[in-house]
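Data first, discussion second: the structure below is written as structure tokens.
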Amino acid sequence: MVDVGQITKLAEKEIKRSVSLDVLSKLEIKYLGRNGEINKLLSAIKNIPDEQKKTYGQRVNKLKASMYRYIETRKKELQNKKSGVFFDKTLPGKTYPKGSLHIVSFAIEEITKVFEKIGFIRVSYPEVDWEYGAFESLNMPVNHPARDDVETSFIDMPAHPKLGKMVLTPHTSNGQNREMKRVGKPPIRMINISKCYRPNWDATHTPMFHQFEGLCVDKDISIVNLKGTLDYFAEKYFGVGTKTRLRPHHFQFTEPSFEVDISCNNCGGTGIIKANRCKVCKSGWLELGGTGMVHPNVLREGGIDPSASSGWAFGFGIERVIMMKYGLDDIRNYYSGDIRFLEQF
Ligand code: PHE
């Protein structure tokens with residue numbers, strides 16, 4: 001005898017699991033169609049003993065009713081899910097917002113390329129270093145007042161017997177001694193890009209910032225080479241026609257030392273726009289950073305004979321050159337995470 005209960009269970013399972021409206025309509029035919037299971041059950045009634053015919057008929061009719069219910073419910077579910085609906089492969093896909101490099105990362109790429117073109121090697125030295133790297137190796141002995149020129153954050157841990165305390169590097173100049181020792185002997189052409197730390201927070205300073213440090217050491221290197229390299233960088237990074245000038249300054253690790261200015265592109269280096277003072281530079285020039293000829297003591301400390309070789313170095317702020325290039329007025333925006341600011345670049 002046909003087991004109505006078993007067919008009910010099987011049908012319910014199949015209908016609930018149907019994955020598309022297509023599959024569901026096939027099941028509808030299979031169970032409720034003219035030659036479907038329900039009709040087969042109904043026509044089998046002739047073989048049922050008379051006294052059981054009534055209950056049997058009731059059960060099959062009940063099954064038929066639930067079958068309609070199962071199918072209706074599943075149909076609605078599938079329609080809501082939109083599965084089984086015609087899928088148009090030719091429709092354009094969803095577009096998601098595109099990411100891009102952060103302006104600082106982008107500037108690092110650009111600056112690296114400019115210097116790699118003229119044979120400089122990009123390196124990245126520790127941003128947590130011993131006092132030796134940040135000061136002593138740069139002609140700033142222990143207790144020298146020049147150490148106070150750069151406010152430094154010390155790491156809270158025991159000092160090294162020879163190398164001193166650990167510091168968050170206040171400049172990328174700690175790379176000079178490391179690079180001289182790494183390369184061993186001239187020629188050296190380094191571009192060291194790293195994070196630096198100084199406890200300042202205003203429109204032109206963030207406590208963490210980036211510097212790029214150039215170092216060139218070889219036979220007969222002079223200020224002429226330095227000026228030529230600075231002019232090359234200024235034209236490549238800020239645009240054709242940008243000029244540089246050197247102003248006397250003091251650093252312990254260079255002699256002579258200078259500050260570098262570049263001509264302002266907003267006013268063409270004149271300091272005046274339509275008879276008014278240029279708001280970007282006020283004087284026609286913008287201050288880029290420090291430079292100079294590497295001090296003989298620094299060369300010696302790096303294992304290089306100052307009587308045979310000479311060199312120059314510079315250290316410029318990445319956040320600062322971006323500011324100068326795009327005429328931005330608040331570098332805190334770089335790190336605000338505000339996408340409206342960042343996506344402009
Ligand atoms: N280290 C100096 C600074 O941070 C910049 C500098 C680098 C000056 C190399 C001269 C030579 O201000």
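Indexing begins at 1, ligand by ligand and atom by atom, following the structure's order.
Note that K325 lies in the cation-pi zone of Y237, set by a 6.0 Å cut-off to the ring centre and a 45° limit from the axis.
Here F314 and F233 keep their ring centres 6.0 angstrom or further from each other.
The existence of a salt bridge linking E109 and R122 is excluded, since no basic side-chain nitrogen approaches an acidic carboxylate oxygen closer than 4.0 Å. Salt bridge E259/R247: present, at least one basic N to carboxylate O contact under 4.0 Å.
Ordered by chain and residue number, the residues placing a heavy atom less than 4.0 Å from ligand 1 are H171, S173, Q176, R198, Q211, E213, F251, F253, T254, G290, T291, A313, F314, G315.
Between the side chains of T204 and D202, at least one donor-acceptor pair of N or O atoms lies under 3.5 Å.
For the ring-ring contact (aromatic ring centres under 6.0 Å, His included) with H171, the qualifying choice from F253, Y197, F209, F251 is F253, the only one to do so.
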